[in-house]
Amino acid sequence: MKYWLIKSDPDTYGWDEMKKDKKTFWDGVRNYAARNHMKDMKKGDLCLFYHSQLKPPHITGVVEVVKEHYQDPTTEDDRWVAVDVKYKRSFKNLVTLDDIKQRKGLANMVLLRISRLSVQPVKKTEFDTIVKMGS
DNA sequence: GCCAACGTTGGC
DNA sequence: GCCAACGTTGGC
């Protein structure tokens, strides 16, 4: 099982909608590196849900991959894919970007190195640390 | 609103 | 296949 971090600008799609919908398709990725990560996602993988553009930016909770990649329904262009994710759990404490920066074990997260990548892999140890921080 | 980082496009 | 120009993302 793998772990990921997926970003969403709440103006486009926020955690409240995620909770309400229970399940959604994750589309609109137009970046090859992010797309390749989506193609690696397997059913049952867990993703941290990251709110970008907020003050402060933060992780709100966890979602689970329930359907592996398929053609992105929002475009004719067959280069792009979508996956389905379902709501798993909300964090009691939001884990902010600053919290992540402060935490020693998380200094090598992709999030801090390639800030613009919207779908990125997360190590199990990083995932566990963040879940602990959020609980 | 600004700016850095970086991906994409298009001319050559 | 290089590289300049341009657009977008995302933190601050």
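Convention: sequence-line order gives letters A, B, ...; per-chain numbering from 1. Note that these values count all heavy atoms, side chains included, but never hydrogens, waters or copies made by symmetry.
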The criterion is side chain to side chain contact (heavy atoms under 4.5 Å, CB included); which residues satisfy it with [X], sequence neighbours excluded?
X     : value
A:P10 : A:H51, A:L54
A:T96 : A:P56, A:H58, A:D98, A:D99
A:Q71 : A:T75, A:D78

Note: with side-chain heavy atoms under 4.5 Å as the link, the other cluster members for A:L117 come out as A:V110, A:I114
What's in the same ILVMFWY side-chain cluster as A:F25, cut-off under 4.5 Å, chained through other members? A:Y70
Hey, which sits more toward the 5' end of DNA chain B by its nearest nucleotide, A:R79 or A:S115? A:S115
Contact list for DNA chain C against residues 94-107 of chain A - heavy-atom distance below 4.0 Å: A:L97, A:K101
Contact interval (first through last nucleotide) of DNA chain C with protein chain A, 4.0 Å heavy-atom: C:dG7 to C:dC12
In residues 128-135 of chain A, what donor-acceptor pairs under 3.5 Å come from side-chain atoms, sequence neighbours left out?
from	atom 1	to	atom 2	distance (Å)
A:D128	OD2	A:K124	NZ	2.9
A:T129	OG1	A:T125	O	2.7
A:S135	OG	A:R89	NH2	2.9
A:S135	OG	A:V131	O	2.6

According to side chain to side chain donor-acceptor pair (under 3.5 Å), does anything in residues 103-120 of chain A pair up with another residue at least two apart or in another chain? List the pairs. none
Who pairs with A:Y3 by ring-ring contact (aromatic ring centres under 6.0 Å, His included), at least two apart in sequence or on another chain? A:F127
Determine the sole option in A:H37, A:K67, A:M41, A:E68 for which the side-chain contact (heavy atoms from CB on, under 4.5 Å) test with A:V83 is passed. A:M41
With pairs defined as Watson-Crick or G-U wobble and both distances under 3.5 angstrom, please note down DNA chain B as a dot-bracket string, | for pairing with another strand. ||||||||||||
Scan for salt bridge (Lys or Arg N to Asp or Glu O under 4.0 Å) pairs involving residues 15-42 of chain A, sequence neighbours excluded, and state none if there are none. A:K23-A:D84, A:R30-A:D72
